[in-house]
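Here is the structure we will look at.
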Protein chains: 2
Amino acid sequence: MADTPIYQLVKDALRARIESGALVTGDMVPGEEQLAADFNCSRLTAHRALRELADEGLVVRKRRAGTQVAARGSGVLIRIPSVREEIEGRGVAYRYELLACRHAVPGAAISEALSVDAKGRHLNVVGRHWAGNRVFQHDTRWINLIQVPAALEADFSTVSANQWLLENVPSSSVDHEISALAADARAATALEVEPGTALLRIERVSHLGQNAITHAAMLHPGALFSLKSERR
Amino acid sequence: MADTPIYQLVKDALRARIESGALVTGDMVPGEEQLAADFNCSRLTAHRALRELADEGLVVRKRRAGTQVAARGSGVLIRIPSVREEIEGRGVAYRYELLACRHAVPGAAISEALSVDAKGRHLNVVGRHWAGNRVFQHDTRWINLIQVPAALEADFSTVSANQWLLENVPSSSVDHEISALAADARAATALEVEPGTALLRIERVSHLGQNAITHAAMLHPGALFSLKSERR
DNA sequence: GGGTCCAATTTGTAAAGACAAATGCCGTGG
DNA sequence: CCACGGCATTTGTCTTTACAAATTGGACCC
């Protein structure tokens, strides 16, 4: 504590003023020169504190106009934990079960999401993640074999497709979509729940440059899928 | 482009090597001195590039051990848009409807989430957000009047509780929880959907220091609630 | 051979100086 | 009175220099 960096002290002080309401949206924050004088540090140190606060979205900076407190919360950042971490973090035994791994031609919806017109050349991997004796997640995945030929050599019975892809395939961007739906007969069987049970569905498409790499549809049985907001 | 900062050029170059797979998890990234030489810049400039990449989670840095490519994707950041932005972004008319605004004592579940033992002294605001002629979100909110006495003066028929709180009440942390559930009779009526329809539920608790400020339960009728991953 | 300690390497923070870029403000001129 | 333009202010980036902190690798000793 004796050793906290100065820029961190400045950040904390300003953050406290903002979070306590001493400074509210639109208020001017002291400039770099002023902070340097107040905290008896160089302008660079004050600059770093303000820049990082701006990166975090707490303040908005404009040349000549100065720095002011940002309008808060047009949106919120949330973290999707990895399935394994989530389950083991609850103190429940984790197990991955491979249900299918075969070449197949994706349906229209998946093809569109992957934006491939080339039919075929895809690997379809289906598995379940167990939390104790309950199905926690059902995972249907399509892997573009043109982009990821190495997937043919992978053994998805020992490693989940998700984990293998994370460790072996680079990606430049990932898109997610979260929705709720009622379980139809097939989903109910797969998740071992009653038909009509509410499910949480997460769809994930990952890209490398312009090309779609994988499409994943993950289903969670109704109950809790807890997402905690990011703290920065 | 002639004017891109040097540290940004370094970042982009390294990011490209990582995202393309030229550098994979565990590989060593050139050190600060090396990068400074390669890009003909000062060590501080190289340092900033590496530090920001580390902030973004792409690399891990350790003194003496150097910098290496981080294991990717234990988690993903996702953005929850504001309701109004989301609806208007779809080109649909947005409308907020206040259903109730009264003093009340929250039930056991809410009290626990708010971690208040003091019964009473809460304001309960219920409203609906419309997207065209369909209910997009039903919002049940509890406001701790001890922490936010100013809420008594607010006119929630013209401003949604969410918006008013964002603009007028500082907060130090916010927790979220997302889940799926089937609509019971009451929820079905409130959202104007069939009973049993799958709903997406977002629960939000905001704090100021140790004290809980508000509790919000937001229900979205089944269909799509689209969350896009954050791009950094 | 193994354990322990030192030192070199690498990252982290900071200062002071310098210049560039953007832009609000004010003064001048029409 | 309004419009335009220059100036001063504020943020943004970069360099050089300096020292602190952490940790690994090897040297050295037992």
Side-chain angles (χ1 to χ4, degrees), chain A residues 1-18 22-72 232, chain B residues 1-18 23-72 231-232:
Chain A
M1 107 170 236
D3 232 358
T4 334
I6 301 175
Y7 76 90
Q8 189 67 49
L9 295 176
V10 180
K11 277 181 69 175
D12 290 347
L14 292 177
R15 197 200 309 276
R17 284 192 223 170
I18 293 172
L23 290 175
V24 300
T25 302
D27 280 1
M28 295 304 299
V29 173
E32 300 183 355
E33 297 278 10
Q34 186 58 49
L35 287 174
D38 291 351
F39 287 85
N40 193 32
C41 64
S42 77
R43 186 175 80 91
L44 188 68
T45 302
H47 172 71
R48 178 166 175 187
L50 287 175
R51 176 163 47 81
E52 293 195 359
L53 287 175
D55 287 345
E56 293 169 21
L58 265 88
V59 301
V60 173
R61 316 194 69 195
K62 275 198 309 205
R63 279 176 169 128
R64 167 72 213 198
T67 302
Q68 44 185 323
V69 179
R72 272 166 322 121
R232 290 205 282 191
Chain B
M1 54 206 66
D3 234 358
T4 347
I6 300 176
Y7 75 89
Q8 190 66 50
L9 294 176
V10 179
K11 277 182 68 175
D12 290 347
L14 292 177
R15 197 200 308 276
R17 284 192 221 171
I18 293 171
L23 290 175
V24 301
T25 302
D27 281 0
M28 295 304 300
V29 173
E32 299 183 357
E33 298 276 13
Q34 186 59 48
L35 287 173
D38 292 351
F39 287 85
N40 193 32
C41 64
S42 77
R43 185 175 80 88
L44 192 66
T45 302
H47 171 71
R48 178 167 175 187
L50 287 176
R51 175 163 49 81
E52 293 195 358
L53 287 175
D55 287 346
E56 294 169 20
L58 266 88
V59 300
V60 173
R61 316 195 70 196
K62 277 199 309 208
R63 278 173 169 135
R64 166 74 214 210
T67 303
Q68 42 185 324
V69 179
R72 272 166 319 121
R231 141 175 266 80
R232 292 205 280 190

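This one's a predicted model, so the numbers in the text were calculated from it and none came from an experiment. We name chains A, B, ... by the order of the sequence lines, and we start the count at 1 in each one.
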Handout entry: Test item: B/T67 and B/V60 side chains (from C-beta on) under 4.5 Å apart, heavy atoms
Key = no

Handout entry: Most 5' of A/Q8 and B/A65 on DNA chain C, judged by nearest nucleotide
Key = B/A65

Handout entry: Spacing between A/D3 atom CG and C/dA14 atom P, to the nearest angstrom
Key = 10 Å

Completion exercise
Only residue of B/R51, B/R63, B/R61 satisfying salt bridge (charged side-chain N to carboxylate O under 4.0 Å, His left out) with B/E32 is B/R61

Problem - Atom-pair distance (CG on A/L35; P on D/dT10), nearest Å - result: 12 Å

Problem - Out of D/dA21, C/dG24, D/dT11, whichever nucleotide has its closest atom nearest the side chain of A/R63 - result: D/dT11

Handout entry: Side-chain N or O of B/T67 closer than 4.0 Å to phosphate OP1/OP2 of C/dT11
Key = yes

Handout entry: Gap between atoms CD and P, on A/Q34 and D/dT9 respectively (whole Å)
Key = 14 Å

Handout entry: Length of the line joining B/I6:CD1 and C/dA20:P, which is rounded to integer Å
Key = 14 Å

Problem - Of A/R61 and A/R64, the one whose closest DNA chain D nucleotide lies more 5' - result: A/R64

Practice task
Figure out the CZ/P separation between B/R51 and C/dT11, and round it to whole Å.
Solution key: 14 Å

Handout entry: Presence of donor-acceptor pair under 3.5 Å, side chain of B/R43 and base of C/dG12
Key = yes

Problem - Under 4.0 angstrom between A/Y7 side-chain N/O and C/dA14 OP1 or OP2 - result: no

Problem - Sub-4.5 Å side-chain heavy-atom contact between A/R17 and A/P30 - result: yes

Handout entry: d(NE2, A/H47; P, D/dC14) in whole Å
Key = 10 Å

Practice task
Determine the contact category for B/R48: base if any of its heavy atoms lies under 4.0 Å from a base atom, sugar-phosphate if only primed atoms, P, OP1 or OP2 are that close, otherwise nothing.
Solution key: sugar-phosphate

Problem - Nucleotide D/dT13, atom P - distance to CD of A/E52 in whole Å - result: 13 Å

Problem - Phosphate contact (D/dT15 OP1 or OP2) by B/T45 side-chain N/O below 4.0 Å - result: yes

Problem - Touch class at under 4.0 angstrom, heavy-atom based, for B/L44 against every strand present - result: base

Practice task
Would you confirm whether A/D12, through its side chain, and A/L9, through its main-chain N or O, come within 3.5 Å as a donor-acceptor pair?
Solution key: no

Completion exercise
Per side chain to side chain contact (heavy atoms under 4.5 Å, CB included), A/L53 is matched among A/V10, A/L14, A/V69 by A/L14

Exercise for the section: Identify whether any heavy atom of B/S42 sits under 4.0 Å from a base atom; if not, whether one sits that close to sugar-phosphate; answer base, sugar-phosphate or nothing. Expected result: base

Exercise for the section: Whole angstrom is fine here: how far is it from NZ in A/K62 over to P in D/dT9? Expected result: 19 Å

